[in-house]
> 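Dropping the structure in here first, questions after.
Numbering starts at 1 and runs along the sequence shown. In this text the structure is predicted, and so the values were computed from the model without any measurement.
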Amino acid sequence: MATVRRDERDPVGEQADTRPRPSDDTAMTSVADYYAGKNVLITGATGFMGKVLVEKLLRCCPQVRALFLLVRPKAGQSMQQRVDDMIKCKLFDRVREDDAHFHRKIVPISSELTEPGLAISPEDADKLAACVNIVFHCAATIRFDEPLKHAVQLNVIGTQQLLGLARRMRHLEAFIHISTAYANCNRKHIDEVIYPPPVEPRKLIESLEWMDDRIVQDITPRLIGNRPNTYTYTKALAEYVVQQEQDKLNIGIIRPSIVGASWQEPFPGWIDNFNGPSGVFIAAGKGILRTMRANNDAVADLIPVDVVINLTLAAGWYTAVHKPKTALVYNCTTGGINPFHWGEIEHHVMSSFKRNPLEQAFRRPNANITSNYLIYQYWILVSHKFPALLYDLVLRLTGQKPQMMRIFNRLHKAISLLEYFSSQDWEWNSENVNMLMAQLSPEDRKTFNFDVRQLNWPEYIENYCIGTKKYVLNEDMSDIPAARQHLRKLRNIRYTFNTVLVVFIWRVFIARSQMARNIWYFVVSLCFKFLSYFRASSTLTN
Ligand SMILES: CCCCCCCC/C=C\CCCCCCCC(=O)SCCNC(=O)CCNC(=O)[C@H](O)C(C)(C)COP(=O)(O)OP(=O)(O)OC[C@H]1O[C@@H](n2cnc3c(N)ncnc32)[C@H](O)[C@@H]1OP(=O)(O)O
Ligand SMILES: NC(=O)C1=CN([C@@H]2O[C@H](COP(=O)(O)OP(=O)(O)OC[C@H]3O[C@@H](n4cnc5c(N)ncnc54)[C@H](OP(=O)(O)O)[C@@H]3O)[C@@H](O)[C@H]2O)C=CC1
């Protein structure tokens with residue numbers, strides 16, 4: 001595998017400046033034609049959605065000139081190593097088949113979005129200012145438990161700084177910001193507009209500058225108000241910050257709902273993380289998660305990652321070519337068009353993991369969602385805490401370190417942060433998404449398909465579950481017979497355990513009550529009679 005070298009980026013160079021600017025003629029161009037010869041800047045390219053964006057651009061817009069990726073060094077790896085690792089991943093197999101030298105188009109730029117000036121060197125900043133034609137801003141912290149200061153630093157101030165750099169870009173045609181459909185989750189009906197921010201971002205930023213972390217922590221619940229976390233709060237502020245630039249830049253804002261595995265491209269079921277529902281599916285497939293608070297009848301607004309990316313690229317084309325006067329917002333959701341419910345998700349996830357089990361499951365996959373608090377607490381006790389305690393006891397007795405209770409505590413924390421989103425539904429208007437679809441040529445509608453009416457949910461969920469097995473857990477499909485055998489073993493252990501438990505309880509009970517003893521003798525003699533009758537009749541027939 002050839003590596004991406006920074007000194008290879010000169011082919012990209014400033015020549016890009018001389019490329020023709022969009023005119024009325026370009027309004028007729030196809031999406032791929034528009035990206036031909038363009039220099040694209042992407043933040044968050046090493047993340048889940050960023051990777052799919054890079055792959056799709058390289059595969060379906062092969063004439064794109066260069067992709068500048070703002071990447072930070074992380075976990076002892078240089079930005080160079082990180083990008084090299086990223087493009088080695090299976091996601092890029094199809095691009096590799098089409099063009100073995102695709103890496104030449106990738107230009108990593110060292111950048112840390114929380115640092116002043118995005119920590120981009122002056123030379124790199126000048127280069128970007130001179131040649132970038134379109135920006136896709138995907139980077140964000142998506143953690144629900146992120147301390148407010150850090151969430152503001154990255155999601156709001158980082159975005160402001162990127163906009164500052166974008167203003168310097170002399171040939172910029174579009175700035176596409178990835179937000180979330182839940183930025184305004186304090187509303188039930190969400191239009192494709194930017195709502196007034198919960199607070200003036202400038203005032204919040206100024207206050208956070210002098211406040212001690214402890215004070216910030218204390219006032220965070222009051223600040224975020226009726227939003228569930230700092231993530232949705234800071235994403236709402238970021239939208240406002242982006243909107244402030246609409247007079248100077250051509251802006252598009254994409255609001256995806258819960259982004260899941262790929263539907264079709266580059267292959268079905270691609271997923272590489274535990275975020276959102278993926279972690280829940282895996283925990284349920286491993287037989288660890290047996291219950292979760294969710295409303296069976298609420299719409300599960302999942303959206304496949306390839307759909308989001310297709311819409312994003314089409315919105316980039318539309319924004320650059322048609323230059324809407326104000327920032328256009330695209331609510332990228334499924335609920336209003338092709339609804340599917342959490343109850344149905346539960347059913348299909350469970351049956352999928354029974355057909356294609358995960359390796360070394362803790363228990364047989366059997367999760368039940370409920371919106372009833374008491375029932376939920378009951379199952380947490382009986383199906384989570386009790387087995388965890390028992391398992392840890394066995395580990396202790398065999399001289400090993402107990403671990404199950406710790407795993408369950410982390411799981412409970414994760415699902416408590418997710419239940420806000422699985423217990424209610426929202427209604428999103430998607431007029432701009434429909435308008436965009438109508439603007440595409442029939443050919444582009446196929447290449448950049450975001451028509452979720454065609455999505456077959458059971459098939460999608462099956463591929464999603466298989467994707468978690470293959471690409472998140474790196475399990476082999478050829479091990480499925482062994483995994484099934486393991487589930488049968490678990491079933492036999494459970495039957496044996498239940499039988500021993502019933503006999504044990506009954507014996508304890510018998511020891512204390514004459515009536516229970518009589519019933520016990522009656523049942524046992526009935527069994528004997530039945531057995532003797534069965535033996536006698538089988539002897540007669542022989
Ligand atoms: C039978 C099924 C029925 C279905 C029922 C309904 C399911 C409903 C599910 C969901 C719907 C809601 C979704 C809303 C979406 C909104 C949309 C967006 O706009 S943004 C994207 C969303 N963002 C997040 O999903 C971040 C959530 N994650 C976090 O905030 C943190 O990761 C957190 C607090 C959950 C854990 O933080 P820590 O610090 O304790 O741990 P850490 O380092 O992150 O992870 C520890 C280990 O746990 C795994 N993990 C992380 N998240 C997990 C999860 N959700 N479930 C299971 N494991 C998870 C990690 O991969 C890691 O594993 P290792 O130690 O590396 O092996
Ligand atoms: N996933 C989902 O369900 C949804 C996501 N979204 C939005 O989509 C976008 C992408 O999300 P997703 O791909 O899932 O998120 P990921 O967490 O997978 O990726 C986040 C990206 O941001 C980068 N990043 C984070 N912090 C910094 C930093 N300080 N400096 C530079 N880069 C940084 C990460 O880089 P690194 O690899 O170095 O950490 C990574 O590339 C986000 O804006 C999110 O709000 C919206 C709706 C749903």
Side-chain angles (χ1 to χ4, degrees), residues 1-14 16 38-59 64-93 95-96 99-143 146 150 153-155 157-166 168-169 175-178 272-273 275 309 312:
M1 158 68 60
T3 57
V4 181
R5 288 278 154 251
R6 297 209 58 203
D7 49 16
E8 278 177 14
R9 73 196 146 130
D10 261 321
V12 165
E14 322 222 350
K38 295 289 188 295
N39 288 320
V40 181
L41 182 137
I42 302 173
T43 70
T46 49
F48 171 46
M49 287 174 37
K51 267 182 241 170
V52 181
L53 176 63
V54 171
E55 193 275 341
K56 177 81 184 189
L57 255 174
L58 290 167
R59 184 164 48 85
V64 67
R65 195 176 191 98
L67 306 187
F68 292 92
L69 313 185
L70 298 197
V71 183
R72 55 180 175 169
K74 193 174 162 185
Q77 277 195 307
S78 69
M79 68 152 188
Q80 192 74 63
Q81 286 167 321
R82 296 192 65 206
V83 174
D84 290 344
D85 281 357
M86 177 182 107
I87 60 175
K88 273 185 208 150
C89 133
K90 185 176 163 55
L91 180 72
F92 288 86
D93 280 0
V95 190
R96 229 184 323 273
D99 173 12
H101 302 295
F102 76 92
H103 60 275
R104 287 188 186 150
K105 291 198 173 139
I106 296 178
V107 186
I109 300 277
S110 178
S111 172
E112 162 59 65
L113 267 64
T114 55
E115 293 289 324
L118 307 170
I120 300 180
S121 73
E123 302 79 53
D124 280 342
D126 290 346
K127 185 111 192 162
L128 295 174
C131 73
V132 169
N133 305 110
I134 177 157
V135 173
F136 291 103
H137 178 33
C138 301
T141 166
I142 64 164
R143 294 181 68 96
E146 195 71 75
H150 187 254
Q153 192 66 49
L154 180 54
N155 295 354
I157 304 176
T159 302
Q160 263 177 345
Q161 294 207 66
L162 187 68
L163 286 161
L165 179 64
R168 285 183 54 200
M169 293 174 180
F175 183 100
I176 304 299
H177 170 73
I178 311 294
D272 75 344
N273 61 71
N275 291 329
I309 295 309
T312 303

> Measuring only between side-chain heavy atoms, which start at C-beta, is F68 closer than 4.5 Å to L128?
yes
> Nearest heavy-atom pair of L154 and A140: which atoms, and what distance?
CD2-C, 3.7 Å
> List the steps, then state whether side-chain contact (heavy atoms from CB on, under 4.5 Å) holds for L58 with L67.
CA-CA 9 Å; L58 290 167; L67 306 187; 3.9 Å; yes
> Rounded to the nearest 0.5 Å, what separation is found between the CE atom of M169 and the CD1 atom of I134?
11.0 Å
> How many angstroms lie between atom CG of L57 and atom CD1 of I106, to the nearest 0.5 angstrom?
10.0 Å
> Can any side-chain N or O of Q153 pair as donor or acceptor with the backbone N or O of T114 at less than 3.5 Å?
yes
> Does T46 form a side-chain contact (heavy atoms from CB on, under 4.5 Å) with K74? I'd like the steps, not just the answer.
CA-CA 11 Å; T46 49; K74 193 174 162 185; over 6 Å; no
> Give me the ring orientation class for F92 and F102: parallel if the planes are under 30° apart, tilted from 30 to 60°, perpendicular past 60°.
parallel
> Between the side chains of D93 and K90, is the shortest nitrogen-to-carboxylate-oxygen separation below 4.0 Å, so that they form an ion pair?
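Yes.
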> Using a strict cut-off of less than 4.0 Å between a Lys/Arg side-chain nitrogen and an Asp/Glu carboxylate oxygen, indicate whether D85 and K88 qualify as a salt bridge.
yes
> Measure from the side-chain N and O atoms of R82 to the backbone N and O of R72, and report whether any donor-acceptor pair falls under 3.5 Å.
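Side chain of R82 to backbone of R72: a pair is present.
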> Would a 4.5 Å heavy-atom cut-off, applied to side chains only, mark D126 and R168 as touching?
yes
> Return the minimal non-hydrogen interatomic distance between T141 and E146, and the atom names on each side.
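Of all heavy-atom pairs spanning T141 and E146, the closest is OG1-OE1, 2.5 Å.
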> Please report the closest heavy-atom contact between I120 and A125, naming both atoms and the distance.
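That would be CG2-N, 3.6 Å.
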> Kindly indicate whether the side chain of I176, heavy atoms from C-beta on, has any atom under 4.5 Å from the side chain of T312.
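Contact flag for I176/T312 side chains = yes.
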> If you compare all heavy atoms of L118 against all heavy atoms of G158, which two are closest, and at what distance to 0.1 Å?
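Result for this residue pair: CD2-O, 3.8 Å.
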> CE of M49 to CD1 of I42: how many Å apart, nearest 0.5 Å?
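One finds 11.5 Å between CE of M49 and CD1 of I42.
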> Using side-chain contact (heavy atoms from CB on, under 4.5 Å), reason through M86 and V54 one step at a time and then give a plain yes or no.
CA-CA 10 Å; M86 177 182 107; V54 171; 4.3 Å; yes
> Got a second to check how far D84's CG is from H103's NE2, nearest 0.5 Å?
9.0 Å
> Look up atom NE2 in H150 and atom CG in N155, then write down how far apart they are to the nearest 0.5 Å.
8.5 Å
> Are V135 and L165 side-chain neighbours, meaning at least one heavy-atom pair lies under 4.5 Å?
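Answer no - side chains too far apart.
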> Measure the shortest side-chain to side-chain distance between I309 and E55 over non-hydrogen atoms and say whether it is less than 4.5 angstrom.
no
> Which atom pair, heavy atoms only, marks the closest approach of L113 to S111?
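What the structure gives for the nearest pair is CD1-OG, 3.6 Å.
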> Is there a side-chain contact between N39 and V107, using heavy atoms and a 4.5 Å cut-off?
no
> If we only count heavy atoms from C-beta on, is the D272 to L91 side-chain gap below 4.5 Å?
no
> Could you please spell out the steps behind the side-chain contact (heavy atoms from CB on, under 4.5 Å) verdict for Q81 and S78?
CA-CA 5 Å; Q81 286 167 321; S78 69; 3.5 Å; yes
> I'd like to check E115 versus Q161 (side-chain heavy atoms, cut-off strictly below 4.5 Å). Are they in contact?
no
> Counting N and O atoms only, with roles assigned by atom type, does the side chain of T43 sit under 3.5 Å from a partner on the main chain of C138, one being a donor and the other an acceptor?
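Yes; at least one donor-acceptor contact below 3.5 Å.
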